[in-house]
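The figures that follow rest on heavy atoms only: side chains count, while hydrogens, waters and symmetry mates do not.
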Amino acid sequence: MPETADPNRSLFPVSDPLGVSASLTDAERGLLESLERTLADDVAPYVNDAWDQGRFPDRIVRPLVDLDLVEPAVLDADPRPLFRGFRCFTLAKTDASVATFHTAQAGLFRTAVLEGGDEETIREWRPKIASWERFGVFCLTEPDHGSDVAGGLATTARREGDAWRLTGAKRWIGGATQADWLAVFARDEDDGEVKGFLVPTDAPGIEMETIQGKAALRIVQNAHITLDDVEVPESMRLKNVRSFQDVARMLRLMRSDVAWIAAGVAAGSLEAALRYVTGREQFGMSVGSFQLIQEKLARMQGNVAQAVSMCASLSEAQENGSYRDEHSALTKATVCLRMRETVALAREVCGGNGITLEADVARFFADAEAIYSYEGTHEINSLIVGRSLTGIGAFVPRRRS
């Protein structure tokens, strides 16, 4: 067992009142404390303006990269699931878009390569992903296929000698316009199975358009990507992606990251609301002294504590090998429900000022809607859990006879 810090000391006293973070090692705590400082000094001052303007503040990237959080050398081992979870949580407590951007590399793209690549690919790409020398994104969702992408994936791959030709479109790909590489999943025209490919973003035949008019995650830049007969050498195929089941294995691992992000969004809204109500006076008294406000704060903290505990149990299951689809689906669905309630309460206790960016809860309130839906809608995750309970798959409505 790794040496841990004081078991009675939570790293996040407000948002982790049960002390789950006390299970982190000293080295892990040190990394997260450095991340908290960097977020406070080099990221938080810019997020409200960036959200308001719908742009990504490029100045925040280098401070985050310099922290060496993807595969920290100080840990002397592959990061534990609990540390990876609290990394997502800490980022999301500051801003959901920042967490989504970082996880696009540290979670989605890294998982695509480590799970989908052969030994040679992993050996070459892993250190370059950890250092951000190769920044990539995960391209699965399509304009007409989100929840039904398992059977409906329409992007095609056609083998021509030692190369492949990719044709189709991907949508909602966060960070794609800033990335150097795309992990693209396409259906092989020959056998009908899903394959994976590493494609440079400047390859001929690729066009990207930033999606405008978003009401959530306005900082991270989501792209609509068109692939028109894009040539990819066989050497850039992810050899261990032979069917959608291999992609589903990746999604199972990544869904836990989103659950942790949801917990972080709820925690961030709680902390912002607490700052507001303890600094605001009405009727000659601190708003934080009102009984109804304190009840809402207590409910919010209970939601966050439940979320962190569920996420930590999920991380433990990942580490001990007992992790299954229904575990991540149940956690993602439940934590997102509690997140939705928590951000609404945060907006509520801030009164009319809660709809302004200045009160620092409006971002969380809006961004929660995107987190609620991505990496599996509530309905799809619920059906995964329902299937495990009943043994009956209810994903496709049955036709009446």
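Between the side chain of Lys239 and the backbone N or O of Arg237 there is at least one donor-acceptor pair closer than 3.5 Å. A donor-acceptor contact shorter than 3.5 Å links the side chain of Arg347 to the backbone of Gly351. Remark: the backbone N or O of Ala333 is not paired with any side-chain donor or acceptor of Asn381 at under 3.5 angstrom. Lys170 places a side-chain N or O within donor-acceptor distance of the main-chain N or O of Leu140, the cut-off being under 3.5 Å. Without hydrogens or angle criteria, Asp148 side chain to Gly152 main chain gives no donor-acceptor distance under 3.5 Å. At least one donor-acceptor pair under 3.5 Å links the side chain of Arg187 to the backbone N or O of Leu153. Checking side-chain atoms of Asp16 against main-chain N and O of Pro13 turns up no donor-acceptor pair under 3.5 Å. Side-chain atoms of Asp229 do not come within 3.5 Å of backbone N or O of Thr167 as any donor-acceptor pair. Checked by atom type and distance alone, the side chain of Arg363 pairs as donor or acceptor with a backbone atom of Thr94 at under 3.5 Å. Using a distance-only test at 3.5 Å, with no hydrogens or angles considered, no donor-acceptor pair links the side chain of His145 to the main chain of Glu142.
Nearest heavy-atom pair across Thr155 and Gly168 is OG1-CA, 3.8 Å. Residue Ala176 comes nearest to Ala223 through the heavy atom pair CB-CB, 3.7 Å, listed as atom of the first residue, atom of the second, then distance. Ser97 approaches Asp95 most closely through the heavy-atom pair N-OD2, 2.9 Å. The two residues Phe364 and Val343 come nearest to each other via the heavy atoms O-CG1, 3.7 Å. Contact between Pro57 and Ala50 at its shortest, heavy atoms only, is CD-CB, 3.7 Å. For the pair Leu18 and Ser309, the tightest heavy-atom approach, listed with the atom from each and the gap, is CD1-OG, 3.7 Å.
How far CG of Leu297 is from CD1 of Ile293: 7.0 Å, rounded to the nearest 0.5 Å. The CG atom of Asp190 sits 12.5 Å away from atom OG1 of Thr156, with the distance rounded to the nearest 0.5 Å. Atom CD1 of Ile122 and atom CD of Glu119 lie 7.5 Å apart (nearest 0.5 Å).
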Candidate pair Glu193 and Arg242, rule salt bridge (Lys or Arg N to Asp or Glu O under 4.0 Å), full reasoning: CA-CA 7 Å; Glu193 298 289 356; Arg242 304 180 184 90; over 6 Å; no
Thr100 vs Tyr374, side chain to side chain donor-acceptor pair (under 3.5 Å): CA-CA, chis, key distance, verdict: CA-CA 11 Å; Thr100 300; Tyr374 77 33; 3.0 Å; yes
Derivation and outcome, side chain to side chain contact (heavy atoms under 4.5 Å, CB included), residues Leu251 and Met254: CA-CA 5 Å; Leu251 296 176; Met254 293 181 294; 3.8 Å; yes
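Screening Val265, Val335, Leu270 for a side chain to side chain contact (heavy atoms under 4.5 Å, CB included) involving Val304 leaves a single residue, Leu270. Results of the salt bridge (Lys or Arg N to Asp or Glu O under 4.0 Å) test with Arg165 over Glu160, Glu189, Glu234 single out Glu160 as the only residue that passes.
For the ring pair (Phe, Tyr, Trp, His ring centres under 6.0 Å) condition, the pairs that include at least one residue of residues 26-60, sequence neighbours left out, are Phe56-Phe101. Residue pairs that meet the side-chain hydrogen bond (donor to acceptor under 3.5 Å, both in side chains) test with at least one member in residues 199-220, sequence neighbours left out, are Lys214-Asn222. Residue pairs meeting the side-chain hydrogen bond (donor to acceptor under 3.5 Å, both in side chains) criterion with at least one partner in residues 102-118, sequence neighbours excluded, are Glu71-Arg110, Asp78-Arg110, Glu115-Arg249, Asp118-Thr121. The side-chain hydrogen bond (donor to acceptor under 3.5 Å, both in side chains) contacts involving residues 256-267 comprise Ser256-Gln318, Trp260-Ser315, where partners must be two or more places apart or lie in separate chains. Annotation: side-chain hydrogen bond (donor to acceptor under 3.5 Å, both in side chains) contacts involving residues 277-290, sequence neighbours excluded, comprise Tyr276-Arg280.
Scored by the side chain to side chain donor-acceptor pair (under 3.5 Å) test, Gln245 finds no partners at all (sequence neighbours excluded). A search for side chain to side chain contact (heavy atoms under 4.5 Å, CB included) contacts involving Pro17 returns Gln301, Ala305, not counting sequence neighbours. For Asp325, the side chain to side chain donor-acceptor pair (under 3.5 Å) criterion is met by Arg252, not counting sequence neighbours. By the side chain to side chain donor-acceptor pair (under 3.5 Å) test, Asp191 pairs with Lys195, sequence neighbours left out. Listed by chain and residue number, Glu133 satisfy the side chain to side chain contact (heavy atoms under 4.5 Å, CB included) test with Ser131 (two or more places apart in sequence, or in another chain). Not counting sequence neighbours, the partners of Arg171 by the side chain to side chain donor-acceptor pair (under 3.5 Å) test are His224.
Between Ser269 and Phe365, the closest side-chain pair of non-hydrogen atoms is not below 4.5 Å. Considering only heavy atoms from C-beta on, Leu64 comes within 4.5 Å of Leu91 through its side chain. Side-chain contact between Leu337 and His378: present, with at least one pair of heavy atoms (C-beta onward) separated by less than 4.5 Å. Between Asp180 and Pro200 there is no side-chain heavy-atom pair separated by less than 4.5 Å. In this structure the side chain of Leu345 reaches within 4.5 angstrom of the side chain of Glu341, judged on heavy atoms. The shortest distance between side-chain heavy atoms of Ser328 and Leu314 falls below 4.5 Å. Using a 4.5 Å cut-off on side-chain heavy atoms (C-beta onward), Pro204 and Val230 make no contact. Using a 4.5 Å cut-off on side-chain heavy atoms (C-beta onward), Glu326 and Thr331 make no contact.
The six-membered or imidazole ring of Phe86 lies near that of Phe89, with a centre-to-centre distance under 6.0 Å. Taking the six-membered ring for Trp and the full ring otherwise, the centers of Phe138 and Phe185 sit less than 6.0 Å from each other. For Phe135 and Phe109, the distance between ring centers is not under 6.0 angstrom.
Ionic pairing of Asp188 and Arg159 is not present here: no N-O contact between side-chain nitrogen and carboxylate oxygen is shorter than 4.0 angstrom. Between Arg80 and Glu28 there is a salt bridge, since at least one side-chain N of the basic residue sits less than 4.0 Å from a carboxylate O of the acidic one. Ion pair Arg55/Asp49 not flagged as a salt bridge, since none of the NZ, NE, NH1 or NH2 atoms sits closer than 4.0 Å to an Asp/Glu carboxylate oxygen.
Between Tyr372 and Thr377, the side chains place no donor N or O within less than 3.5 Å of an acceptor N or O (distance only, hydrogens not considered). No side-chain N or O of Asn353 forms a donor-acceptor pair with one of Glu358 less than 3.5 Å apart.
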Scan the side chains in residues 36-43 for donor-acceptor partners under 3.5 Å anywhere in the protein, sequence neighbours excluded, and list what turns up.
from: Glu36; atom 1: OE2; to: Lys93; atom 2: NZ; distance (Å): 3.2
from: Arg37; atom 1: NH2; to: Ser34; atom 2: OG; distance (Å): 3.1
from: Thr38; atom 1: OG1; to: Ser34; atom 2: O; distance (Å): 3.1

